[in-house]
Amino acid sequence: MAEIDLQKIVSHCKEYGFIFPSSEIYDNLGAVYDYGPFGAELKNHIKEYWWKSMVQMNENIVGIDAAIFMHPTTWKASGHVDSFSDPLIDNKDSKKRYRADVLLEEKIDKLKEKGEKELAKKNLLQDSEEEKAKASRDYAKGVTLENAYKQAAEASDFKRYKELIEEYEIVCEVSGTKNWTDVRQFNLMFNTQLGSVSEESNTIYLRPETAQGIFVNFLNVQKTARMKIPFGIAQIGKAFRNEIVARQFIFRMREFEQMEMQFFVRPGTQKEWFDKWKQTRLKWHLALGTSPEKLRFHVHEKLAHYADAAEDIQFRFPIGFKELEGIHSRTDFDLSEHQKYSGKKLQYFDSELNQNYVPFVIETSIGLDRMFLRILSDALKEETLENGETRTVLNIPPALAPIKVAVLPLVKKDGLPEKAREIIDTLKFVGRTFYEEKDSIGKRYRRMDAIGTPYCITVDHQTLEDNTVTIRERDTMQQDRIAISEIEKIVGSKVDMNNLLRKALAE
RNA sequence: GCGGAAGUAGCUCAGCUGGUAGAGCGACAGCCUUCCAAGCUGUAGGUCGCGGGUUCGAACCUCGUCUUCCGCUCCA
């Protein structure tokens, strides 16, 4: 079987109406993609699988749908305003990238250290800053730079950063040169204006993650749905990040969709819930029939500021093992921060313990678009058949397939099309159906293979006599003769989302 | 953002030392066909990514720009 690379998947998506580059007639909008007719169906089915397994199947999880716009302070509290934007500078010779603020701070320290060594010889270390500066030229330089840097930092004057870097002859440690680019600030959050034009105070952000919509609604949800800890809040929604480098098709996009759930637990129990959700989520992935070797856990070595444990579920994409879903133990960081910034209590009264506390949070967060890519990477195959021919087939899990069943008259005469139409009318409740009478039957089978339709029903002359049809299965290409009255049951049970859910939830 | 490569039909790609575009597959319509991309006939679809320059003349040379891919970097 031929190896499928990302390029093949991109072509297939384009050719068969799964995914198009955004605004293609205007030469694309970078790292933004649109879902076409079959893509939208598949994406919706993935959402359905996730939502049902999380919300419908768990009594203690409820769903919400929070707005993309949020109060600007939200992002101060979450830490995104501060740590989502760094002033960066590149050395043109070594191509190394540095944080401009770090370069300057290091220089300040170096100058001061040098000065202190000098002062130590003169036994002047105990003196005040001013005295030190008077006695040592290096130390004085360090202090001057420090002041200039602080001033520039307060004013967010990045041009000044560069001037200082040049003035103080900071060199790249790799190339040793002073050939720097301008300092640029990359804020990963998109912003826009709310309300009247050009009022600076009304700058708001497009959310860079969906999670905060859940945290700020914690009490609303807990009280109105009368939830008792431990419980979860789930949601599916768009998030936006102005990635510096956004590439690899829909793997990293500027506008993307997350499916995430925040699970609120009693402090101290987070470890056990963390482990539980890891296993639950892995099972959800495995139920789709993916071979276990393509999935693995990956432990974060560097933890984000809010987490006390974090692991990813990685999938082996054609571009290698990459993050698909994150499971994070977020502690009480988010709720505590919002409590601090809003001045409102975000606590839960635990009647068993008879006390109030800020709950701890376990988050499961999966990229919907990544999930989509994972399904396609797993499903797209170029098979070589016994007769030497090849066929392109998408063996998508039937419950997720865009089209569930196609009905095909063997020839388009002798009343076969009419009979086929009659049959297809009875199958509407199974899911999306497809009717096709053009071209040879083999060609039509292959076309259905290419978009992942699990079943084809073929109507022939015998059908008119005894009401039986041929049912052809996508993966095995096997054909059986069955009664028309059986189609709905056979196809229906195979494509039924509930059967997939049963597998995901089975112990 | 840096370096490298590439942009020609829906997809995959030809296109010579400059002379205003082709193939295979696909799509659409019809004919023929009793079960795995068959055959026949016909049709549609491209200002060669975009913009300047050189030239009598540019898909081809040149400059710029955008987009995509690979590497670096980054990644809550």
Side-chain angles (χ1 to χ4, degrees), chain A residues 5-8 10-17 20-32 36 75 78-80 83-84 86 88-99 179 181-184 186 188-189 208-212 239 241-249 251-252 258 260 300 302-307 310 312 319 322-323 326 328 330 333-334 363 365 383 385-387 389-393 408-414 416 438-450 456-464 469-472 474 477-481:
Chain A
D5 58 17
L6 189 65
Q7 207 35 248
K8 280 236 171 69
V10 175
S11 301
H12 195 86
C13 282
K14 175 89 192 301
E15 188 164 7
Y16 289 95
F20 313 119
S22 163
S23 324
E24 200 188 7
I25 62 168
Y26 292 109
D27 210 13
N28 306 356
L29 182 63
V32 184
W75 308 112
S78 70
H80 285 83
S83 62
F84 237 46
D86 300 323
L88 300 176
I89 191 165
D90 294 306
N91 183 274
K92 289 182 190 168
D93 300 310
S94 65
K95 315 293 179 206
K96 272 286 284 178
R97 168 166 294 172
Y98 298 90
R99 280 179 54 172
N179 191 9
T181 62
D182 286 340
V183 174
R184 286 145 309 182
F186 295 108
L188 288 190
M189 283 196 289
E209 65 173 21
T210 51
Q212 300 304 325
R241 284 180 204 172
N242 200 359
E243 300 281 354
I244 304 162
V245 179
R247 242 186 278 159
Q248 293 169 318
F249 196 40
F251 186 79
R252 180 171 290 124
Q258 295 184 308
E260 46 116 1
H300 281 220
K302 215 170 55 181
L303 290 175
H305 58 262
Y306 54 70
D312 294 336
I319 46 177
K322 296 273 183 183
E323 177 185 346
H328 300 151
R330 294 182 78 126
F333 176 85
D334 297 277
E363 166 190 78
S365 173
E383 292 180 350
L385 304 178
E386 282 171 19
N387 61 11
E389 284 180 351
T390 60
R391 72 159 183 160
T392 302
V393 57
L408 319 167
L410 190 56
V411 292
K412 57 175 164 183
K413 59 178 185 186
D414 305 334
L416 298 187
K438 194 181 153 18
D439 294 316
S440 73
I441 192 69
K443 198 163 193 169
R444 282 177 274 166
Y445 285 156
R446 298 301 171 81
R447 267 201 284 258
M448 286 299 109
D449 287 341
C456 291
I457 302 293
T458 304
V459 176
D460 57 21
H461 291 95
Q462 193 187 328
T463 308
L464 301 177
V469 292
T470 306
I471 184 166
R472 182 258 193 193
R474 178 193 64 200
M477 295 170 72
Q478 199 182 318
Q479 306 187 113
D480 284 312
R481 192 94 203 161

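- Within the model, atoms CZ of A:Arg447 and CG of A:Asp439 stand 4.5 Å from one another, a figure rounded to the nearest 0.5 Å.
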task: At under 4.0 Å between heavy atoms, which parts of nucleotides 33-38 of chain B does protein reach? Answer with one letter per nucleotide, 5' to 3': B base, S sugar-phosphate only, - none.
output: BBBBBB
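- Taking atom CZ of residue A:Phe251 and atom P of nucleotide B:C74, one finds them 16 Å apart after rounding to whole Å.
- Rounded to whole Å, atom P of B:A9 lies 9 Å from atom NZ of A:Lys14.
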Nucleotide-level pairing of RNA chain B, given in dot-bracket where Watson-Crick and G-U pairs need both distances under 3.5 Å and | marks other strands: (((((((..((((.....[..)))).(((((.......))))).....(((((..]....))))))))))))....
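- Using C1' as the reference atom, B:A27 and B:U17 are 38 Å apart when rounded to the nearest Å.
- Comparing B:A9 with B:A21, their P atoms are spaced 15 Å from each other, to the whole Å.
- Remark: the separation of the C1' atoms in B:G3 and B:U73 is 12 Å, to the nearest Å.
- Taking each heavy atom of A:His328 and A:Asp312 in turn, the nearest pair found is NE2-OD1, 4.1 Å.
- Every salt bridge (Lys or Arg N to Asp or Glu O under 4.0 Å) that A:Lys14 has, sequence neighbours left out, goes to A:Glu24.
- Residues forming a side chain to side chain contact (heavy atoms under 4.5 Å, CB included) with A:Glu209 (at least two apart in sequence, or on another chain): A:Trp75, A:His80, A:Ala211, A:Gln212, A:Arg241, A:Gln258, A:Arg330.
- Atom pair A:Asp5:CG and B:C69:P shows a separation of 12 Å (rounding to whole Å applied).
- Pairing each heavy atom of A:Leu464 with each of A:Asp414, the nearest pair is CD1-O, 3.4 Å.
- Atom pair A:Lys438:NZ and B:U43:P shows a separation of 15 Å (rounding to whole Å applied).
- Rounded to whole Å, the separation between the P atoms of B:C28 and B:G45 comes to 16 Å.
- Contacts of A:Asp27 with the nucleic acid, taken as non-hydrogen atoms under 4.0 Å apart, include base atoms.
- By the side-chain hydrogen bond (donor to acceptor under 3.5 Å, both in side chains) test, A:Arg444 pairs with no residue at all, sequence neighbours left out.
- Residue contacts shown for A:Tyr26 are absent, as no nucleic acid heavy atom lies under 4.0 Å away.
- Using atom C1' as the reference point in both B:G19 and B:A37, the two lie 40 Å apart (nearest Å).
- Looking at residues two or more places apart in sequence or on another chain, you find no side-chain hydrogen bond (donor to acceptor under 3.5 Å, both in side chains) involving A:Arg474.
- Mapping A:Ile319 and A:Ser11 onto RNA chain B via the closest heavy atom, the residue that lands nearer the 5' end is A:Ser11.
- Contact check for A:Leu408 versus A:Ile441: side-chain heavy atoms found under the 4.5 Å cut-off.
- When the C1' atom is used for both B:U65 and B:G10, the distance is 27 Å, rounded to whole Å.
- Here the shortest heavy-atom pairing between A:Thr390 and A:Arg446 reads O-NH1, 3.5 Å.
- What you find for A:Gly36 and A:Phe20 is that their closest heavy atoms are CA-CE1, 3.6 Å.
- A straight line from CD of A:Glu24 to P of B:G10 spans 9 Å, rounded to a whole angstrom.
- Here the separation of B:A23 from B:C32, taken at their C1' atoms, is 27 Å to the nearest Å.
- The nearest whole Å value for the distance from the NZ atom in A:Lys8 to the P atom in B:G10 is 21 Å.
- Nucleotides B:G22 and B:A14, compared at atom C1', are 7 Å apart to the nearest Å.
- For A:Ile25 and B:G45, the CD1 to C1' distance is 16 Å, given to the nearest whole Å.
- Atom-to-atom, CZ of A:Arg252 to C1' of B:C74 comes out at 8 Å; the value is rounded to the nearest Å.
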